[in-house]
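Written below as structure tokens is the structure these notes are about.
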Amino acid sequence: MSITSNIELIKNSIPSHVTLIVVSKTKPNSMVLEAYEAGQRNFGENYVQELVDKQALLPNDIHWHFIGHLQSNKVKYIAPFIYLIHGVDSFSLLKEINKQAQKNNRIINCLLQVHIAQEETKFGLDFTEVESILDSEEFKELKHICIQGFMAMASNTNQENQIRKEFASLKSFSQKYPNYPILSFGMSGDYNLAIEEGSTMIRVGSSIFGERHYTK
Ligand SMILES: *Cc1c(COP(=O)(O)O)cnc(C)c1O
């Protein structure tokens, strides 16, 4: 199967209100371009350096999504061009994004990453931390970020019920915040059930490009 036909298959199988983010991490520019030529404009990366390198060489109308864990000291490298930062998992990171967005005279769209998985290791805020950020006076002062919604990753399990339960918990929580409508969850292995549980943005890599090989 080609990259083009994989993208078309996925696009034709998902509802029109769901946005497909093609996760191009570790993949060469030639493969990103093949997806671009198939009409794809939203791409996700999770390493700052790799993203900066790709952005410099690839077409300007690509919407770049940062989907990994973002360190505060690296925000400045992506602030000039990033379209949506998915993994905002602390108030201090949000404040740094605001600061760098201001320096670049722009507003940066963000999703708050919420911890829904059973594992301890996954990054993210819990529901009460999200509430305390969004309710704070300090948050209201941040004029250069725009919260668009929430991002999450489910437990690394093949127990479908567990994954559904986790996604559903975020969907239910998010209903308190109708101004933040984006729900970014679902990857190659679970995007169909993620959409059934309310996802509006899926991040798909290996189903499009094949398995990743980490050589670094
Ligand atoms: C790599 C990655 C994906 C894509 O995973 P696939 O299983 O290859 O579809 C999605 N989200 C995040 C945060 C990732 O790091």
Side-chain angles (χ1 to χ4, degrees), residues 1-11 13-14 18-28 31-32 34-35 38 40-55 62-71 74-75 78 82-90 93 97 109-125 148-160 162-164 166-167 170 182-216:
M1 292 293 280
S2 71
I3 292 170
T4 303
S5 58
N6 289 341
I7 289 176
E8 270 163 18
L9 266 176
I10 295 175
K11 280 206 156 157
S13 76
I14 61 177
V18 176
T19 303
L20 169 65
I21 311 300
V22 169
V23 176
S24 49
K25 64 190 188 197
T26 78
K27 299 299 172 186
M31 288 172 92
V32 181
E34 197 174 329
Q40 181 64 28
R41 291 296 179 271
N42 289 291
F43 290 91
E45 289 284 335
N46 69 341
Y47 290 105
V48 167
Q49 190 58 53
E50 185 178 349
L51 170 56
V52 168
D53 291 346
K54 282 179 170 160
Q55 192 272 339
I62 288 180
H63 290 170
W64 290 106
H65 296 248
F66 193 80
I67 62 172
H69 179 67
L70 182 57
Q71 291 169 282
K74 298 202 170 155
V75 175
I78 63 171
I82 197 71
Y83 183 74
L84 178 63
I85 299 177
H86 289 232
V88 179
D89 60 358
S90 73
L93 176 58
I97 295 168
N109 295 315
C110 297
L111 305 179
L112 295 178
Q113 183 169 358
V114 186
H115 183 267
I116 56 171
Q118 288 172 308
E119 295 112 67
E120 288 290 316
T121 51
K122 295 256 163 74
F123 294 107
L125 302 154
Q148 299 283 354
F150 305 98
M151 178 263 202
M153 289 171 86
S155 293
N156 190 8
T157 171
N158 43 30
Q159 281 189 285
E160 194 184 304
Q162 178 64 28
I163 297 172
R164 277 187 192 279
E166 292 171 4
F167 288 152
L170 180 54
I182 294 181
L183 289 176
S184 167
F185 51 74
M187 322 200 304
S188 289
D190 58 13
Y191 71 83
N192 281 315
L193 63 101
I195 291 168
E196 285 172 23
E197 298 303 337
S199 172
T200 70
M201 195 170 259
I202 57 174
R203 311 177 305 262
V204 181
S206 42
S207 290
I208 291 167
F209 293 119
E211 293 302 317
R212 279 177 296 276
H213 303 285
Y214 292 93
T215 51
K216 279 178 226 166

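Whatever order the structure lists them in is the order used to number ligands and atoms, beginning at 1.
Selection from Ser24, Gly44, Ser188 by nearest heavy atom to atom 9 (O) of ligand 1 gives Ser188. Taking each of Met153, Lys25, Met187 in turn, the one with a heavy atom nearest to atom 1 (C) of ligand 1 proves to be Lys25.
Atoms of ligand 1 found under 4.0 Å from any heavy atom of Ser206 (numbered from 1 in listed order, with element): 6 (P), 7 (O), 8 (O), 9 (O). Using a 4.0 Å cut-off to heavy atoms of Asn46, the atoms of ligand 1 that qualify are 15 (O). Contact atoms of ligand 1 toward Gly205: 4 (C), 6 (P), 8 (O), 9 (O) (distance under 4.0 Å to a heavy atom of the residue). Of all atoms in ligand 1, listed by their number and element, those nearer than 4.0 Å to a heavy atom of Arg203 are 4 (C), 9 (O), 10 (C), 11 (N), 12 (C), 13 (C). Interface of Val204 with ligand 1, defined as ligand atoms under 4.0 Å from a residue heavy atom, comprises 9 (O).
Neither the backbone nor the side chain of His86 comes within 4.0 Å of ligand 1, counting heavy atoms alone. At a 4.0 Å heavy-atom cut-off, ligand 1 touches Ile67 through backbone and side chain alike.
Judged by distance alone, the side chains of Gln162 and Thr157 never bring a donor and an acceptor atom under 3.5 Å apart.
The shortest non-hydrogen separation linking Val18 to Met201 is CG1-N, 4.2 Å.
By the 30° and 60° cut-offs, the orientation of the rings of Trp64 relative to Phe43 is tilted.
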Inset, instruction - For the pair Arg203 and Ser184, evaluate side-chain contact (heavy atoms from CB on, under 4.5 Å) and give the outcome as yes or no after the intermediate values. - result: CA-CA 8 Å; Arg203 311 177 305 262; Ser184 167; 2.9 Å; yes

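Inter-residue side-chain proximity for Leu193 and Glu160 is flagged as met; some heavy-atom pair is nearer than 4.5 Å.
His65 has its ring centre less than 6.0 Å from the ring centre of Tyr83.
Between Lys25 and Glu45 there is no salt bridge, since no side-chain N of the basic residue sits under 4.0 Å from a carboxylate O of the acidic one.
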